[in-house]
Enquirer: 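Have a look at this one.
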Amino acid sequence: MGRLFVMHLEGKVYSCKHCHTHLGLAADIISKSFHCKHGKAYLFNKVVNVNSGVKEDRAMITGMHTVSDIFCVGCGSIVGWKYEAAHDKSQRYKEGKFILERYKVSGPDGSHYWVTHDAHVGGSDVDDV
């Protein structure tokens with residue numbers, strides 16, 4: 001196994017809530033209107049310090065997408081997913097973008113998002129309701 005190189009970000013940083021490895025910058029957030037099974041999720045243009053899992057098709061609120069889970073390189077926790085492909089033309093803007101689940105990351109101010117009983121329990125994706 002090789003040496004692990006971790007990128008350190010400057011600015012308002014979202015990090016893994018378990019090991020505090022930097023994952024993304026607030027400036028790279030495209031949308032805060034996404035939801036996952038644990039509640040809020042943010043769509044990022046780019047993230048760092050993650051490894052991608054196996055690609056798989058998932059049925060989400062906005063249709064079928066090919067996604068891969070993303071894992072923190074520091075501790076191996078799943079922190080979100082990457083949109084590899086969208087089957088619907090109107091959803092293609094998500095391709096190559098990343099979702100970080102707020103429940104699994106710390107905010108720039110060190111805040112954590114706590115799951116409420118109102119959290120969405122269905123498929124993961126933007127909330128169209």
Side-chain angles (χ1 to χ4, degrees):
M1 185 163 167
R3 184 173 179 182
L4 179 65
F5 288 95
V6 176
M7 290 188 65
H8 180 79
L9 300 173
E10 297 292 331
K12 294 182 178 182
V13 176
Y14 285 84
S15 57
C16 175
K17 80 172 189 178
H18 300 290
C19 70
H20 309 292
T21 297
H22 290 186
L23 300 172
L25 290 170
D28 290 322
I29 295 174
I30 297 168
S31 175
K32 292 183 176 183
S33 299
F34 283 67
H35 293 274
C36 63
K37 65 183 175 182
H38 294 113
K40 290 184 177 184
Y42 296 169
L43 181 68
F44 281 76
N45 191 44
K46 63 181 177 178
V47 296
V48 297
N49 301 322
V50 297
N51 289 321
S52 293
V54 177
K55 293 179 187 179
E56 64 182 23
D57 287 336
R58 289 190 195 157
M60 298 186 175
I61 294 169
T62 55
M64 189 64 74
H65 294 78
T66 302
V67 299
S68 58
D69 287 332
I70 55 174
F71 302 86
C72 172
V73 298
C75 66
S77 296
I78 295 176
V79 292
W81 66 89
K82 179 180 180 182
Y83 285 104
E84 302 288 350
H87 297 240
D88 185 325
K89 285 183 183 179
S90 69
Q91 300 300 309
R92 295 215 171 125
Y93 74 94
K94 298 175 189 174
E95 292 179 348
K97 307 294 189 289
F98 301 85
I99 287 288
L100 290 181
E101 297 184 44
R102 265 311 266 129
Y103 173 71
K104 298 180 179 182
V105 298
S106 296
D109 59 358
S111 64
H112 294 284
Y113 176 80
W114 302 103
V115 176
T116 66
H117 295 289
D118 299 344
H120 182 71
V121 185
S124 306
D125 212 346
V126 82
D127 188 3
D128 290 331
V129 179

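No hydrogens, no waters, no symmetry mates; every other heavy atom, side chains included, goes into these values.
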Enquirer: Rounded to the nearest 0.5 Å, what's the gap from CZ on F98 to CG on L23? Could you check?
Expert: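 The CG atom of L23 is 11.0 Å from CZ of F98, to the nearest 0.5 Å.
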Enquirer: I need the S52 OG to K82 NZ distance, nearest 0.5 Å.
Expert: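 With rounding to 0.5 Å, OG (S52) is 5.5 Å from NZ (K82).
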Enquirer: Using a 3.5 Å cut-off and no angle test, enumerate the donor-acceptor pairs between side-chain atoms of residues 5-12 and protein atoms at least two apart in sequence or in another chain.
Expert:
none

Enquirer: What heavy-atom pair brings C19 and T21 nearest, and what distance separates the two atoms?
Expert: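 Closest pair (atom of C19, atom of T21, distance): SG-OG1, 3.0 Å.
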Enquirer: What residues form a salt bridge (charged side-chain N to carboxylate O under 4.0 Å, His left out) with D28, not counting sequence neighbours?
Expert: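 Partners of D28 under the salt bridge (charged side-chain N to carboxylate O under 4.0 Å, His left out) test: none.
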Enquirer: Between CZ of R92 and CD of E95, what distance do you get to the nearest 0.5 Å?
Expert: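 Here the rounded value is 6.0 Å.
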Enquirer: To the nearest 0.5 Å, what is the distance between CG on L100 and CZ on F34?
Expert: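 Reported to 0.5 Å precision, the distance equals 12.0 Å.
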Enquirer: Considering only distance and modelled atom types, tabulate donor-acceptor pairs under 3.5 Å from the side chains of residues 68-77, sequence neighbours left out.
Expert:
unit_1 : atom_1 : unit_2 : atom_2 : d
S68    : OG     : E84    : OE2    : 2.8
D69    : OD1    : R58    : NH1    : 3.3
D69    : OD1    : R58    : NH2    : 2.6
D69    : OD2    : R58    : NH2    : 3.1

Enquirer: Report yes if some heavy atom in the side chain of V13 is under 4.5 Å from a heavy atom in the side chain of L25; otherwise report no.
Expert: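 In short, these two side chains touch, coming nearer than 4.5 Å.
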Enquirer: Residues in side chain to side chain donor-acceptor pair (under 3.5 Å) with N45, at least two apart?
Expert: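 Residues passing side chain to side chain donor-acceptor pair (under 3.5 Å) with N45: none at all.
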Enquirer: Roughly how far, to the nearest 0.5 Å, is the CD1 atom of I99 from the NE2 atom of H35?
Expert: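 Answer rounded to 0.5 Å: 10.5 Å.
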Enquirer: Kindly give the heavy-atom pair with the smallest separation between H22 and N49, and that separation in Å.
Expert: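 Closest pair (atom of H22, atom of N49, distance): O-ND2, 2.7 Å.
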Enquirer: Counting C-beta onward and ignoring hydrogens, is there a side-chain heavy-atom pair between H65 and D88 closer than 4.5 Å?
Expert: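 Result no, sub-4.5 Å side-chain heavy-atom pair not found.
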Enquirer: So, for E101 and W81, which heavy atoms are closest and what is the spacing to 0.1 Å?
Expert: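 Looking at all heavy atoms of both residues, the closest pair is OE2-CZ3, 3.8 Å.
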Enquirer: With sequence neighbours left out, write down each residue that passes ring pair (Phe, Tyr, Trp, His ring centres under 6.0 Å) with F44, or none if nothing qualifies.
Expert: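 Ring pair (Phe, Tyr, Trp, His ring centres under 6.0 Å) list for F44, sorted by chain: Y14.
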Enquirer: Can you measure from CE (M60) to OH (Y83) and round to the nearest 0.5 angstrom?
Expert: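 If I round to the nearest 0.5 Å, the distance is 4.5 Å.
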